[in-house]
Colleague: 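My questions will all concern the structure given below.
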Amino acid sequence: MPDISTPNLDYGNMVQAWDINDALMGGTLYMRQLGKTYLPMWPKEDKDAYKERLAVATLLPAYEETIKQNIGRVFAEPVQLKESVPDGVRELAPNIDLEGNRFDVWAQSLFGLAMQYGLAHALVDYPRVDTEQVKTKAEEKATGARPYVTMINPRQVIGWKSKVTGGKVVLTELRIKEVVIEDGDDFGQKKIDQIRYLLPGKVQLHRKSTDAQGAANWTLYEEWETSRNDIPLITLYTKRTGFMCGTPPLLNMALLNIKHWQSQSEQDNVLHVARVPLLVVYGLGENEELVIGSSSATAFSDRQHQGLEYVEHTGAAISAGKESLADLVEQMRQAGAKLLRTENTSTKSVDQTSEETMQEQSPLYTMANSLEDALANILQIMAEYLDLPEGGSVDVRTELDVETKEFNPPAALAIQALRQGGDIRRIDAIKSLQKLNLIDATMDPDKVLDELLNEAPTLTGE
């Protein structure tokens, strides 16, 4: 019989990269727990020596910090609901997930998850209502029933099926692996593995159980029908590799961070050896013992070959290891900065360059635009649950958006001087002031010019 817990082949192809992400995001302690997975033993290395080396290994959190920095760049300001969002949906924003999280805080967590795995999922749901007791929308609202959104880690989505409808790929089946915690006897609790199986218009819960022979089985625990003819899942991609598939956008940096973890351990070991000089003894007899101390002396039976000396490391390996670590740090820095760089290097005119800024060409800015679309889709499904025609849209203000719209007095004065000197046209001055956010950027520059001319007819034109 088919096993409902069997993951898709595409799922298995993504796990290895996700494991690397989880290891680095777990920090030094988790990396130590993983042991040989990312810090192999050296040939002929003693087990106790390896344990000692692993116990003092430390991780440079370059990958984790870069993830956080990029999230901060996208969320320079809280996500704003635009005026197009209806009041019914807007009222849900302070507690968007029924767990007390504001919409802007929840959106930041969703983007952070997608930054790690290459994608993240959001399931828009509605509480189950007893239709026998609740007959009208007013009665339903009185029960506190309202749409909400649940964030789903891509590791949980183990299986899916899709089809093309109207030129668009849509989900037809979805399997989400969950862990349910139920209270037991005497204040105890137990964990139950569960798979949520979603179909258009139907939800099934399958739970894992053990039969008399000790074999694990998945059995249908509960099922119910829904009001939707689709699966209300929204997926945010930061590095898409296929439908419902993605890979960490900073995977190359993560691999370099793993390499740094290994190289740092080697360097620490070399430093440990180099800092302790080795005592070499010449002429000690077979049965003679050597006592080292401030009030002791040593005698040798072989007087032709005798003596003591300390031998120290030359330090060449230390310098080489230090340079190698510095190179890795620089490589990680460059790999992390790629999300901010332009991917379009074609030659452009001056006007094109001013219109198509670097932020609009960078992968990180593209991710921010994808986030806006995903959040708008979430609001749309919520609106549909509330029988509203439109859910509206949101504004994600990135760091570069904020920087370009901050007031710049020197630039404003320069525009004014050029205009007074007759070196630029009035319409060009208006466009420049719009970019500085001194004039409403959403207005047509020609319309602004007409209004200015109508207000001051005595002023000369162009």
Side-chain angles (χ1 to χ4, degrees), residues 2-14 84-86 88-89 92 96-97 107 110-111 113-114 117-129 131 146-178 195-206 220 222-247 366-367 369-394:
D3 188 347
I4 196 171
S5 67
T6 302
N8 282 22
L9 293 177
D10 286 334
Y11 178 87
N13 295 333
M14 295 185 283
S84 57
V85 177
V89 176
L92 307 178
I96 197 68
D97 59 354
L110 178 71
F111 185 77
L113 200 63
Y117 295 99
L119 74 168
H121 307 287
L123 182 66
V124 185
D125 207 350
Y126 197 93
R128 295 164 60 187
V129 177
T131 56
R146 42 148 289 191
Y148 64 97
V149 62
T150 300
M151 192 182 310
I152 301 177
N153 190 303
R155 281 188 174 275
Q156 294 178 254
V157 181
I158 62 172
W160 58 91
K161 290 183 180 180
S162 62
K163 67 178 182 180
V164 178
T165 302
K168 181 181 178 182
V169 181
V170 296
L171 280 173
T172 57
E173 295 183 24
L174 182 68
R175 287 179 288 137
I176 303 173
K177 195 169 185 179
E178 305 169 333
I195 291 178
R196 185 177 297 266
Y197 181 42
L198 288 85
L199 298 161
K202 181 184 291 187
V203 177
Q204 293 182 347
L205 297 182
H206 295 255
L220 179 62
E222 192 177 7
E223 66 178 331
W224 63 90
E225 294 183 353
T226 68
S227 61
R228 297 191 64 90
N229 58 4
D230 63 355
I231 299 175
L233 184 81
I234 302 299
T235 300
L236 168 64
Y237 297 95
T238 54
K239 190 170 183 181
R240 176 172 174 161
T241 58
F243 180 70
M244 298 288 286
C245 297
T247 189
T366 302
M367 294 175 192
N369 289 336
S370 298
L371 175 64
E372 281 188 344
D373 294 340
L375 296 178
N377 289 334
I378 290 172
L379 296 181
Q380 178 60 35
I381 296 177
M382 287 188 158
E384 292 170 3
Y385 274 121
L386 297 174
D387 292 331
L388 298 172
E390 299 291 336
S393 56
V394 303

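Here the structure is a predicted model, which is why all the values come from computation and not from measurement.
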Colleague: In Å, rounded to the nearest 0.5 Å, how long is the span from CZ of Arg146 to CG of Asp125?
Modeller: 11.5 Å
Colleague: Among all residues two or more places apart in sequence or in another chain, which pass the salt bridge (charged side-chain N to carboxylate O under 4.0 Å, His left out) test with Glu178?
Modeller: Arg196
Colleague: What residues, two or more places apart in sequence or in another chain, satisfy side-chain hydrogen bond (donor to acceptor under 3.5 Å, both in side chains) together with Glu223?
Modeller: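 Testing Glu223 for side-chain hydrogen bond (donor to acceptor under 3.5 Å, both in side chains), a comparison that skips the adjacent residues, returns Gln204.
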Colleague: Determine the minimum heavy-atom distance between Leu92 and Leu386, stating which atoms define it.
Modeller: CD1-CD1, 4.2 Å
Colleague: Using side-chain contact (heavy atoms from CB on, under 4.5 Å) as the criterion, list what pairs up with Pro86, not counting sequence neighbours.
Modeller: Val89, Leu388
Colleague: Can you tell me how far OH of Tyr126 sits from CD1 of Ile381, rounded to the nearest 0.5 angstrom?
Modeller: 15.0 Å
Colleague: Any side-chain heavy atom of Leu233 within less than 4.5 Å of one from Val157?
Modeller: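 Side chain of Leu233 against side chain of Val157, heavy atoms only: no contact under 4.5 Å found.
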Colleague: Partners of Glu225 by side-chain hydrogen bond (donor to acceptor under 3.5 Å, both in side chains), sequence neighbours excluded?
Modeller: none
Colleague: About how many Å separate CG of Leu205 and CG of Leu198, when rounded to the nearest 0.5 Å?
Modeller: 9.0 Å
Colleague: Measuring only between side-chain heavy atoms, which start at C-beta, is Ile195 closer than 4.5 Å to Ile158?
Modeller: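 Yes, close enough: below the 4.5 Å cut-off.
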Colleague: So which atom in Ala376 and which in Gly392 form the shortest heavy-atom distance, rounded to 0.1 Å?
Modeller: CB-O, 3.9 Å
Colleague: Less than 4.5 Å apart, any side-chain heavy atom of Val394 and any of Leu379?
Modeller: yes
Colleague: Please examine the side chains of Leu236 and Phe111, heavy atoms only from C-beta on, and report whether any two atoms are closer than 4.5 Å.
Modeller: yes
Colleague: Hey, what do you get for CG (Asn153) to CG (Leu119), rounding to the nearest 0.5 Å?
Modeller: 9.0 Å
Colleague: List the residues meeting side-chain contact (heavy atoms from CB on, under 4.5 Å) with Asn377, not counting sequence neighbours, and say none if there are none.
Modeller: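 Ile234.
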Colleague: Kindly state each residue pair satisfying side chain to side chain donor-acceptor pair (under 3.5 Å) with at least one member in residues 163-173, sequence neighbours excluded.
Modeller: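 Passing the test, one end in residues 163-173: Glu173-Tyr197.
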Colleague: Measure the spacing between CD1 of Ile152 and CD1 of Ile176 and express it to the nearest 0.5 Å.
Modeller: 3.5 Å
Colleague: Counting only pairs under 3.5 Å, give me each side-chain donor-acceptor contact of residues 5-14, with atom names and distances, residues two or more places apart or in other chains.
Modeller:
| from | atom 1 | to | atom 2 | distance (Å) |
| --- | --- | --- | --- | --- |
| Ser5 | OG | Asp3 | OD1 | 2.8 |
| Ser5 | OG | Asp3 | OD2 | 3.1 |
| Ser5 | OG | Trp218 | NE1 | 3.4 |
| Thr6 | OG1 | Asp3 | O | 3.1 |
| Asn8 | OD1 | Arg175 | NH2 | 3.2 |
| Asn8 | ND2 | Trp160 | O | 3.0 |
| Tyr11 | OH | Arg155 | O | 2.7 |
| Asn13 | ND2 | Leu9 | O | 3.4 |

Colleague: Identify which one of Ile96, Leu123, Leu110 satisfies the side-chain contact (heavy atoms from CB on, under 4.5 Å) criterion when paired with Met151.
Modeller: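 Among the candidates, only Leu110 passes.
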Colleague: Heavy atoms only: give me the nearest Ser84-Ser393 pair and the separation to one decimal.
Modeller: OG-N, 3.2 Å
Colleague: Taking only distance into account, with no hydrogens and no angle test, what donor-acceptor pairs under 3.5 Å do side-chain atoms of residues 237-244 form with protein atoms, sequence neighbours excluded?
Modeller:
| from | atom 1 | to | atom 2 | distance (Å) |
| --- | --- | --- | --- | --- |
| Tyr237 | OH | Met244 | N | 2.8 |
| Thr238 | OG1 | Ala114 | O | 2.6 |
| Thr238 | OG1 | Gly118 | O | 3.3 |
| Arg240 | NE | Gly242 | O | 3.3 |
| Thr241 | OG1 | Gly246 | N | 3.3 |

Colleague: Check whether any side-chain heavy atom of Tyr385 sits under 4.5 Å from a side-chain heavy atom of Pro232, and report yes or no.
Modeller: yes
Colleague: Can you list the residues that meet the side-chain hydrogen bond (donor to acceptor under 3.5 Å, both in side chains) rule with Asp97, with sequence neighbours excluded?
Modeller: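 For Asp97, the residues satisfying side-chain hydrogen bond (donor to acceptor under 3.5 Å, both in side chains) (neighbours in sequence not counted) are Asn101.
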Colleague: Write down the atom of Pro147, the atom of Met382, and the distance for their closest heavy-atom approach.
Modeller: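 The pair with the smallest heavy-atom distance is CG-O, 3.9 Å.
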Colleague: What pairs with Glu384 under side-chain hydrogen bond (donor to acceptor under 3.5 Å, both in side chains), at least two apart in sequence or on another chain?
Modeller: Arg228, Gln380
